[in-house]
There are 2 protein chains.
Amino acid sequence: MNRSGGTFSKDGDRATQLSNVALLYYGEGLTQSEIAKRLQVSRVTVVNLLRDARDEGIVEIHVSGRHLTESSLSRDLRDKFGLEDVYISDTFNSAETDRAAVLRQLGRVAATAFLNVVEPGDKIGVAWGETVLALCNALPRARVEGVEVSQLIGSMISDRVPASETCAIQIANQIGARCFTLHAPAIVSTVDLARALRLEPTIAAQMNRLRALDMVVSSIGNVSKDTHLVAAGMATPGEAKAAEKAGAKGVICCRYIDAQGQECALPPSDRVVTTSLKNLRAARKIMLVVCGEDRADATRAAIAGGFATHLCVDRGLAAALLQSNS
Amino acid sequence: MNRSGGTFSKDGDRATQLSNVALLYYGEGLTQSEIAKRLQVSRVTVVNLLRDARDEGIVEIHVSGRHLTESSLSRDLRDKFGLEDVYISDTFNSAETDRAAVLRQLGRVAATAFLNVVEPGDKIGVAWGETVLALCNALPRARVEGVEVSQLIGSMISDRVPASETCAIQIANQIGARCFTLHAPAIVSTVDLARALRLEPTIAAQMNRLRALDMVVSSIGNVSKDTHLVAAGMATPGEAKAAEKAGAKGVICCRYIDAQGQECALPPSDRVVTTSLKNLRAARKIMLVVCGEDRADATRAAIAGGFATHLCVDRGLAAALLQSNS
DNA sequence: CAAAGATGTTTACAAATGTCAATTTTTATT
DNA sequence: AATAAAAATTGACATTTGTAAACATCTTTG
């Protein structure tokens, strides 16, 4: 019908057409109608071509992460805590308490930050939490060469808390990395079983792999009755309360830490199958993704313990961290 | 940057805000109205913020160049001439003879191709021509580390033909490269003066720099009365006609080449201040940007002479190149 | 050959977007 | 404190865009 105008026959030809249309629209700035006239097709077709071009990744829209660290708030936090970078998500949730939207935006900022920080060849450990999941969900498909993603924490079954497994696999998928999972529950019922599992060859091998990580992606949990440890059924409310009394300020990798970031030997830390805090701290780049002002104490504890080099937080938490007295 | 710390931090805050708004719009997919409501500003302001985010390079819209080489036409050309890659711009100019539009689209394709081909640390030589200028004009701001851009051909004064100087500077600006210009006319009136100029230390130094290029961006000129050599006042119509009679098929770097791509020792080749064809051919990556079916013979000559590894052409020229008998 | 499917077209409509000019608010400067 | 300059807002408007439904054309396939 429009053979001379630019009908393509093969798949590759189609991709070329998509690229050219995309260039006309996003590059040259023509309107869809103008493009339709040139191609001698209907405008609806152009709409579809452009959608396909975006869907197939021929057109990429990328928001630079560098600028997320340039606010004064970010700089002040960096200076105060000696962090490498602080990415702040603006939530603007003045009236609304749409926590889901706040999380999504933080996830997007964290995903942008992640792509800024990750380097080809990195071995990455991925932990837990709704903020980490938000990062995963916002991560665009962007190949990074030679990356290995490992699960830091055993698997678990819970409706409310996203598993480390899920997060690790999702990140690996998006950046085209190899993924190593931990074939064990995150927490078991007896100390003996936990010890036996850690000695199990396949698990021990994976644990060994976690000793030389380049980068870690994690969050930090609160110590209170709504901590995710309890939510995930991994601790009783009583245990949590006891931990709080004992001076625990945060939860990372299913382990309690005090205000100085030192591990508190409290249950259920002896029944978990996760990497050790020593290994966690050893990573060169540790990206902590945290949401909510009520996490300020926990975040401070994590920073004090050396569990963060890069921070992704919402504006509220950022302000809370700065206001702190000490 | 020329102000106190206070102003600087405000600028940074603004960049952070732009990033966040951009993420909401391009990432989360909110409408401008929704974003305005969240920020509690007017929608007009959001429009402006988004425009600024694009202008300041916080949002980048990138069209993948890979797909431009996947059409069967591209593959056939690659196979026939043994080229590394062939990028084809679709012009769709069925009825219209808007040569400017065709050029712009080719420029955009070539710019995309350029960014695909250039590698950090490359030393790039840049030549002449309206197609090369079209590439420059379409080149987005995209930093490439450690690149040096050099002018392949002396400067010239002409309204009709864009100078090598202009092109080199523009490319260097866009990719943040260092730029070396040739402080000499492209053509002078006597053979002796040309020789003397080439021996001039500053010019000789620059010429030396052109002996170890990683990449070249050039076009190829026609041998006919409307060749750009004549248009730029660098040759008389008589000379051009004589060259054509003598078997010259194309003009590259102000020098005539025959069908086999060998240099024809014809005037004004002995009065030009440009890199030698030997140096040109020595570059690892040579990107030839050519527009128009009437350049088919010249393009074939250039390819035969080893003056192309990567080709950027419009669909018409691509078809013409394939149809050729030999 | 006919039915089924895919693809593109036309038409129509609602929503989103870009832009303008007039006005108010904020900020900087004297 | 007054005022000039800059920035944001408002409301109105035309354009652009996304989407849907009904129809036409071509290809595949049994």
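Just the heavy atoms: all of them, side chains too, but no hydrogens, waters or symmetry mates, feed the values below. No experiment lies behind these values; they were computed from the predicted model shown. In what follows, chains are A, B, ... by sequence order, proteins preceding strands, each numbered from 1.
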| Is any side-chain heavy atom of B/Phe81 closer than 4.5 Å to a side-chain heavy atom of B/Arg300? | yes

| Partners meeting salt bridge (Lys or Arg N to Asp or Glu O under 4.0 Å) with A/Glu119 (sequence neighbours left out) | A/Arg284, A/Lys285

| task | Please list, chain by chain and in numerical order, all residues satisfying salt bridge (Lys or Arg N to Asp or Glu O under 4.0 Å) with B/Arg43, sequence neighbours excluded. | result | none

| query | Between A/Glu145 and A/Arg143, is the closest basic N to carboxylate O distance under 4.0 Å? | reply | yes

| remark: Nucleotide by nucleotide, nucleotides 14-21 of chain C touches protein heavy atoms under 4.0 Å in the pattern (B base, S sugar-phosphate only, - none) --SBBB--

| field | A/Gln40 CD - C/dG8 P separation (whole Å) | value | 15 Å

| request: Without swapping roles, check the side chain of B/Ser64 against the backbone of A/Ile58 for a donor-acceptor pair under 3.5 Å. | output: no

